[in-house]
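A short worksheet on the structure shown next.
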Amino acid sequence: MAENTKNDQELRRLEELDLIEKAGICAYPYSFDKNISAKELLARFTDETKDDLADVKLAGRIMSIRRMGKASFCNILDETGRIQLYVRKDDLPEGKYDIFKLLDIGDIIGIEGYAFRTKTGEISVHCRDFVLLCKSLKPLPIAKEEVDENGNKKVYDAFADKELRYRKRYIDLIVNSDIRDTFRKRAEIIRNIRNYFDTQGWMEVETPTLQPQYGGASARPFITHHNALDIDLYMRIALELYLKRLIVGGFEGVYEIGRNFRNEGMDRNHNPEFTMMEIYVAYKDYNWIMNMIEELISMLAMKVNNSDKIVIDDNTISLARPFKREKMFDLFKKYTGYDMQGMSMEEVVKIAKELGIQIEPGASYAKVLDEIFGEKVEPNLIQPTFVTDYPVEMSPLAKMHRSEKGLVERFELFMNGSEIANAFSELNDPRDQRNRLEEQARCRANGDDEAMGVDEDFLNALEIGMPPTAGLGMGIDRLVMMLTGEKSIRDVLLFPLMRPEK
RNA sequence: GAUUUCGUAGCUCAGGUGGUAGAGCAUUUGACUUUUAAUCAAAGGGUCGUGGGUUCGAGUCCCACCGAAAUCACCA
């Protein structure tokens with residue numbers, strides 16, 4: 001930004017910075033030794049133990065200042081929370097209070113002093129000295145908070161504009177404490193997933209995000225170009241096919257938590273890049289993995305929320321085991337009245353029409369079923385529900401059902417009407433897999449640009465031989481949304497994609 | 001991509017039927033050595049998203065564009 005765009009407050013801060021530096025003070029020093037956090041101090045303080053806190057050093061950003069002549073109160077914020085400081089002219093080194101007068105909301109300071117309780121009862125730090133650690137040159141949106149007797153927080157003038165919060169997340173994180181908690185929970189969820197898997201002995205791996213052939217899901221990819229090889233590459237849309245190669249390679253449990261990229265629309269459930277967790281375990285099937293993911297999700301809820309209940313909108317969702325298990329065609333029957341198992345294309349299209357569901361010309365069998373399911377069944381799946389046994393046409397990478405003709409051993413986990421996880425007994429018969437991928441390729445040739453291509457190297461791996469394997473994919477962002485109660489994927493992504501300004 | 005709504009001071013917002021802008025917080029100056037949305041007194045700060053048009057005159061009406069949100073479409 002050009003110099004002449006600075007507003008009065010920014011110009012004033014520059015003048016203050018000048019005064020500070022003319023007083024021989026470095027406005028951007030190199031380090032500060034703190035010995036306690038705001039949260040720890042508040043937790044440790046009692047009127048009996050306050051002598052233990054007679055020499056504390058804290059650092060943080062000034063969030064409010066109340067000046068009263070020769071003494072002031074201010075609040076600083078560190079990573080753990082806010083704490084009040086009491087700054088009195090007589091108790092600072094000679095001349096230091098004049099420097100304090102040059103500080104602003106947003107400046108970062110280090111302080112030393114002793115903990116005490118004010119007349120009104122608030123645990124605070126009485127400053128003996130302070131040091132400026134960073135001068136802030138732009139005004140911060142200041143939300144004022146009032147806490148009533150019941151501990152309820154009331155926020156005035158909140159920094160609430162969604163666009164600004166997403167674009168300037170660093171400001172959002174400073175000003176809005178709730179969003180900091182959301183991202184802490186996100187980290188905690190991912191950490192606990194890793195812990196759980198690692199404890200079982202499964203190995204975390206990293207597979208390519210840049211791929212010559214994309215696959216493992218139905219979605220349009222991002223295309224990029226590698227200059228040295230002069231070839232186009234695709235950003236991965238799924239982790240699946242590389243992780244299965246590793247099972248072929250002899251690892252018996254592998255998982256990856258990483259970014260997928262899909263060149264599709266954006267809404268409150270979709271961001272072009274999103275975080276997927278996929279896990280593959282040899283010698284297991286989809287029944288086993290259903291129990292595993294149920295245990296994992298139930299455990300995550302307890303770890304993160306200390307409860308197996310979550311409230312979303314008006315629904316209370318119980319994450320206590322066991323989750324409901326329903327066969328897909330039983331759900332069709334329940335919510336449409338039609339027994340559709342084994343029906344032909346003509347029959348399901350007819351039913352879709354009777355149900356008032358629009359079917360695009362050229363839609364595949366799988367597509368029609370999926371439309372009906374999405375329209376009539378999904379909205380009813382509020383409590384966690386494993387939907388099992390999908391028709392083979394919808395699942396080109398899943399193994400045929402051991403007893404149901406035309407179905408595969410697959411489940412999807414739904415909660416609050418949306419899909420959370422997807423898993424199969426993995427298809428490991430290379431002949432069947434080739435047929436299914438070639439069928440996909442035909443769909444693609446007929447204009448379905450989301451159908452998969454044939455990945456010859458993946459088929460080669462299956463021909464070398466993959467043991468019976470269970471696999472699962474789970475969208476981490478949606479899981480975090482569920483467990484934090486956020487309604488938009490953008491509220492669980494630190495930096496959601498935004499159209500550039502101008 | 002479609003529809004609807006929105007875009008006014010650093011932040012949150014108000015601006016019937018068109019007459020070039022207001023409030024609170026923030027900022028500045030003064031008072032105040034235990035305040036907490038600190039208080040009291042005074043002051044400064046906006047080419048009203050951008051560009052056109054209608055009009056004597058537009059933040060206000062019309063059109064286009066830019067950006068956002070919600071809903072829908074797309075995304076098994």
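Basis for what follows: all heavy atoms, side chains included, without hydrogens, waters or symmetry-related copies.
- A donor and an acceptor atom sit less than 3.5 Å apart, one in the side chain of A:Asp90 and one in the base of B:U33.
- Going from the C1' atom of B:U39 to that of B:U35 covers 10 Å, rounded to whole Å.
- Taking the six-membered ring for Trp and thresholds of 30 and 60 degrees, A:Phe373 and A:Phe414 have ring planes inclined between 30 and 60 degrees apart.
- Comparing B:U33, B:A68, B:G10 by their nearest atom to the side chain of A:Gln9 picks out B:G10.
- Relative to the side chain of A:Arg499, the nucleotides B:A69, B:G67, B:C74 differ in distance, and B:G67 lies closest.
- Going from atom CG of A:Asn263 over to atom P of B:G1 covers 12 Å, rounded to whole Å.
- Nucleotide B:C65: paired with B:G49 (Watson-Crick or G-U wobble, both distances less than 3.5 Å).
- When the C1' atom is used for both B:A41 and B:G53, the distance is 48 Å, rounded to whole Å.
- When both distances must be under 3.5 Å, the Watson-Crick or G-U wobble mate of B:C25 is B:G10.
- A donor and an acceptor atom, one from each side chain of A:Glu412 and A:Tyr390, are located under 3.5 Å apart.
- Heavy atoms of A:Phe116 sit under 4.0 angstrom from at least one base atom.
- Applying the 3.5 Å distance criterion, the base of B:U35 shares a donor-acceptor pair with the side chain of A:Gln84.
- If you take CD1 of A:Ile65 and C1' of B:U35, they are 13 Å apart, rounded to a whole angstrom.
- With a cut-off of 3.5 Å on both pairing distances, B:U54 has no Watson-Crick or G-U wobble partner at all.
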| request: Evaluate the side-chain hydrogen bond (donor to acceptor under 3.5 Å, both in side chains) criterion for residues A:Tyr114 and A:Asp51: first the C-alpha distance (whole Å), next the side-chain angles of each, then the deciding distance (0.1 Å), finally the verdict. | output: CA-CA 8 Å; A:Tyr114 61 90; A:Asp51 291 345; over 6 Å; no
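- Nearest nucleotide to the A:Asp8 side chain, out of B:G44, B:C11, B:A26: B:G44.
- Taking atom CG of A:Asn75 as the reference point, atom P of B:A37 lies 11 Å away to the nearest angstrom.
- Among the nucleotides B:U35, B:C74, B:U27, the one closest to the side chain of A:Glu122 is B:U35.
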| query | Where do A:Asn416 and A:Ser418 land on the side-chain hydrogen bond (donor to acceptor under 3.5 Å, both in side chains) test, with the steps shown first? | reply | CA-CA 6 Å; A:Asn416 198 38; A:Ser418 98; over 6 Å; no
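- For B:C11, its base never sits under 3.5 Å from the side chain of A:Asp161 at any donor and acceptor pair.
- Checking B:U33, B:U28, B:A73 against every side-chain atom of A:Asp104, the shortest atom distance belongs to B:U28.
- Here, B:U55 and B:G19 have their C1' atoms 12 Å apart, quoted to the whole Å.
- At the heavy-atom level, A:Ala160 lies under 4.0 Å from the strands shown only through sugar-phosphate atoms.
- B:G49 and B:C6 have their C1' atoms separated by 11 Å, given to the nearest Å.
- One atom, NZ of A:Lys70, and another, P of B:U33, lie 5 Å apart when rounded to the nearest Å.
- Comparing A:Ile142 and A:Glu16 along RNA chain B, the residue whose closest nucleotide (by nearest heavy atom) sits nearer the 5' end is A:Ile142.
- The distance between atom NZ of A:Lys487 and atom P of B:A69, rounded to the nearest whole Å, is 16 Å.
- The CD atom of A:Glu10 sits 14 Å away from the P atom of B:A9 (whole-angstrom rounding).
- Distances from the side chain of A:Lys119 to the nucleotides B:U27, B:U34, B:C11 place B:U34 closest.
- Here the side chain of A:Lys144 is nearest to one of B:C11, B:U34, B:A38, namely B:A38.
- Partner assigned to B:U3 is B:A70, using Watson-Crick or G-U wobble distances below 3.5 angstrom.
- Nucleotides B:U3 and B:U27 place their C1' atoms 42 Å apart, quoted to the nearest Å.
- Between A:Arg67 and B:A31, a side-chain N or O to OP1/OP2 separation shorter than 4.0 Å is absent.
- If you take atom P in B:A31 and the same atom in B:G10, they sit 29 Å apart, rounded to whole Å.
- For A:Arg13 and B:U28, the CZ to C1' distance is 13 Å, given to the nearest whole Å.
- The side chain of A:Arg12 places an N or O atom within less than 4.0 Å of a non-bridging phosphate oxygen (OP1 or OP2) of B:U28.
- One finds a salt bridge joining A:Lys350 and A:Glu354 here, because a Lys/Arg side-chain nitrogen approaches an Asp/Glu carboxylate oxygen to under 4.0 Å.
- Heavy atoms of A:Arg220 sit under 4.0 angstrom from primed sugar atoms or phosphate atoms, though from no base atom.
- Judged by the 6.0 Å distance and 45° axis criteria, A:Lys244 is not positioned over the aromatic ring of A:Phe458.
- If you find the closest nucleotide of RNA chain B to A:Pro139 and to A:Arg66, the one lying nearer the 5' end belongs to A:Pro139.
- Across all strands shown, A:Arg490 has heavy atoms under 4.0 Å from sugar-phosphate atoms exclusively, and none from any base.
- The interatomic distance linking A:Asp91 (CG) with B:U35 (P) rounds to 16 Å, in whole Å.
- In this entry B:U39 has B:A31 as its Watson-Crick or G-U wobble partner, both defining distances falling under 3.5 Å.
- Remark: the separation of the P atoms in B:U5 and B:U17 is 16 Å, to the nearest Å.
- A donor-acceptor pair under 3.5 Å is formed between the side chain of A:Thr385 and the backbone N or O of A:Gln383.
- Here, B:U20 and B:G59 have their P atoms 9 Å apart, quoted to the whole Å.
- Relative to the side chain of A:Ile105, the nucleotides B:U28, B:U33, B:A26 differ in distance, and B:A26 lies closest.
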| A:Gln211 vs A:Tyr242, side-chain hydrogen bond (donor to acceptor under 3.5 Å, both in side chains): CA-CA, chis, key distance, verdict | CA-CA 10 Å; A:Gln211 307 178 345; A:Tyr242 280 93; 5.0 Å; no
| Intermediate values then yes/no, side-chain hydrogen bond (donor to acceptor under 3.5 Å, both in side chains), A:Arg410 and A:Asn422 | CA-CA 7 Å; A:Arg410 172 183 179 186; A:Asn422 180 23; 3.0 Å; yes
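- When distances run from any side-chain atom of A:Met68 to the nucleotides B:U28, B:G67, B:U34, the shortest one goes to B:U34.
- Considering only side-chain atoms of A:Phe159, the nucleotide from B:C11, B:U33, B:G1 that sits closest is B:C11.
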